[in-house]
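Reading through the structure tokens given below for one structure.
As the structure lists them, so they are numbered: ligands from 1, and atoms in each ligand from 1. The structure displayed is predicted, hence computed values, not measured ones. The chain is numbered in sequence order, starting from 1.
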Amino acid sequence: MNILILGSGGREHSLAWAIKQNPKCDRLIVAPGNAGIAAIAECADFDINDGSYVVTFAEENAVDFVVIGPEAPLAAGVADRLRAAGILTFGPSQLAAQLEASKAFTKEICDACAAPTAAYARFVDAGAAKDYIRAQGAPIVIKADGLAAGKGVIVAMTLDEALNGVDEIFGGAFGAAGTEVVIEEFMEGEEASYFILCDGADILPIGTAQDHKRVFDGDLGPNTGGMGAYSPAPVLTDEIAQKALDQIIRPTVAEMARRGMPYQGVLYAGFMIKDGQPRLVEYNARFGDPECQVLMMRLGAQVLDLLLACAEGRLADARVNWADDHALTVVMAAKGYPGPYSKGSVINGLDGLPETSMEIVFHAGTTEAEGKISATGGRVLNVTARGASLAEAQARAYALVDRIDWPDGFCRRDIGWRAL
Ligand code: AMP
Ligand code: GLY
């Protein structure tokens with residue numbers, strides 16, 4: 001079959017890598033892709049948020065199946081346009097993607113189905129928000145309602161930080177995402193993510209992961225999109241995972257179906273875990289990046305069968321074959337990230353690195369010109385490895401990192417520390 005993946009990051013490189021290995025995949029196109037993806041698939045450069053163009057492109061190229069990687073096309077309704085045109089699609093509808101696109105919506109769903117999550121209040125007015133914050137006290141969490149590219153959440157340890165956060169959001173720091181704020185109780189605990197395929201009615205969990213959001217070793221410094229990840233997440237034990245499915249995920253999926261907006265795609269649930277109890281921090285309507293990379297490493301070619309079963313409503317009969325192993329990915333980023341960084345620096349040493357089911361470098365923000373690979377983004381490479389233990393996966397990933405010659409890049413040296 002002919003398959004189109006939308007996106008250009010390490011997530012999409014890992015999806016392409018896994019899907020490509022499945023014999024059902026004849027032709028693989030990724031839009032817009034990157035230098036690493038171009039080595040294994042055709043790349044097509046167009047606006048992936050333009051639903052009518054995506055449909056036209058898919059029809060012209062006899063695409064049988066579209067996999068949507070990032071949140072922006074989901075929030076723009078690209079999955080709806082594709083389904084309306086009769087094209088099999090992996091990714092939730094615009095209405096269902098509100099689970100990521102609106103924090104207030106998610107809280108409302110949690111209320112409706114009694115899913116454990118932080119207590120909260122919603123405000124469209126700065127004065128009322130500040131009164132509430134003063135009454136609650138710090139620490140407290142302030143969130144812009146809408147999509148803010150992974151920003152828009154202020155975990156305020158002091159009252160001043162919280163009050164400034166309200167001004168920042170209503171002052172337009174996050175654009176239209178900040179016309180409403182959600183103020184939440186600060187939850188303590190350890191965070192972990194759970195990835196669950198949903199076909200609107202049935203669910204199939206496909207793995208757990210933990211990422212490292214802070215830029216520096218020891219989980220210090222500013223927040224980023226993720227500096228590394230590993231799977232499985234030992235903190236999400238079988239027992240806690242079962243609670244999460246019973247108390248949070250199944251009730252959410254049922255509530256979405258009841259509202260006439262069935263959730264079809266991968267539900268990426270972030271939990272805060274304390275005393276054996278998971279509480280929902282957030283939902284995303286897509287795979288995590290870089291969490292996807294470690295999941296793809298562990299799942300391999302069967303991913304295509306699972307995504308097809310999800311899109312075709314056949315999850316009730318689908319099964320995951322797990323290798324009892326571990327995967328870990330180290331993000332190499334441009335110096336300066338998540339602040340300002342320069343683009344265009346050349347990366348050497350990638351030629352000749354192994355590309356096997358045990359170790360591979362996924363590209364996140366790269367381009368190729370005249371045979372040279374250069375950096376085009378903040379997060380640039382995802383150096384990924386598997387092992388029988390997490391320690392083995394980690395050692396293998398860092399051995400690969402050390403073979404990459406990129407003076408303008410950096411990475412954390414402690415990915416996985418919490419679990420080791
Ligand atoms: P979100 O975009 O909602 O995932 O928030 C980003 C990060 O902020 C999360 O990964 C948590 O580390 C933190 N966070 C969000 N909400 C809370 C909360 N209610 N209590 C504690 N930390 C939170
Ligand atoms: N790694 C966090 C995310 O994809 O949202």
- prompt: Quick one: which ligand 1 atoms are inside 4.0 Å of a heavy atom on Phe186?
  reply: 20 (N), 21 (C)
- request: Would you mind running through ligand 1 and noting each atom that sits below 4.0 Å from a heavy atom of Val153?
  value: 1 (P), 2 (O), 3 (O), 5 (O), 6 (C), 8 (O)
query: So which heavy atom on Lys130 is nearest to which on Asp167, and how close?
result: NZ-OD1, 2.8 Å
statement: At a 4.0 angstrom heavy-atom cut-off, ligand 2 is contacted by Asp211, Gly225, Tyr268, Arg286, Gly288, Asp289, Pro290, Glu291
message: Evaluate Lys213 against Thr224 for side-chain hydrogen bond (donor to acceptor under 3.5 Å, both in side chains), listing each step before the verdict.
response: CA-CA 5 Å; Lys213 287 207 163 69; Thr224 70; over 6 Å; no
query: Side chains of Glu291 and Gln210: is there a donor and an acceptor less than 3.5 Å apart?
result: no
message: Testing the 3.5 Å rule here: is there a donor-acceptor pair between the side chains of Glu168 and Asn164?
response: no
task: Grab the two heavy atoms, one from Leu306 and one from Ala318, that are nearest each other, plus how far apart they are.
output: CD2-CB, 4.5 Å
query: Any heavy atom of Lys103 sitting closer than 4.0 Å to ligand 1?
result: yes
task: Select one of side chain, backbone, both or neither to describe which atoms of Met272 lie under 4.0 Å from any atom of ligand 1, heavy atoms only.
output: side chain
- request: Only counting residues at least two apart or in another chain, list the ones meeting side chain to side chain contact (heavy atoms under 4.5 Å, CB included) with Pro222.
  value: Val215, Phe216, Pro338
- prompt: In terms of atom number and element, which parts of ligand 1 are under 4.0 angstrom from non-hydrogen atoms of Glu185?
  reply: 18 (C), 19 (N), 20 (N)
- prompt: What are the two closest non-hydrogen atoms of Ala285 and Tyr263, and how far apart are they?
  reply: CA-OH, 2.9 Å
query: If every non-hydrogen atom of Gln94 is compared with every non-hydrogen atom of Gly77, which pair is closest and at what distance?
result: CB-CA, 3.8 Å
statement: Counting heavy atoms under 4.0 Å, the part of Met187 that contacts ligand 1 is both
statement: Near Ala118 (heavy-atom distance under 4.0 Å), the atoms of ligand 1 are 19 (N)
Under 3.5 Å, sequence neighbours excluded: what are the donor-acceptor pairs made by side chains of residues 192-203?
from   : atom 1 : to     : atom 2 : distance (Å)
Asp199 : OD1    : Ala201 : N      : 3.0
Asp199 : OD1    : Asp202 : N      : 2.7
Asp199 : OD2    : Leu315 : N      : 3.0

query: Where on Asn223 is there a heavy atom closer than 4.0 Å to ligand 1, on the side chain, on the backbone, on both, or on neither?
result: neither
query: Among pairs that include at least one residue of residues 294-308, which meet salt bridge (charged side-chain N to carboxylate O under 4.0 Å, His left out), considering only residues two or more places apart or in two chains?
result: Lys24-Asp305, Arg298-Asp325
- prompt: Of all the atoms in ligand 1, which lie at a distance below 4.0 Å from a heavy atom belonging to Lys143?
  reply: 3 (O), 15 (C), 16 (N)
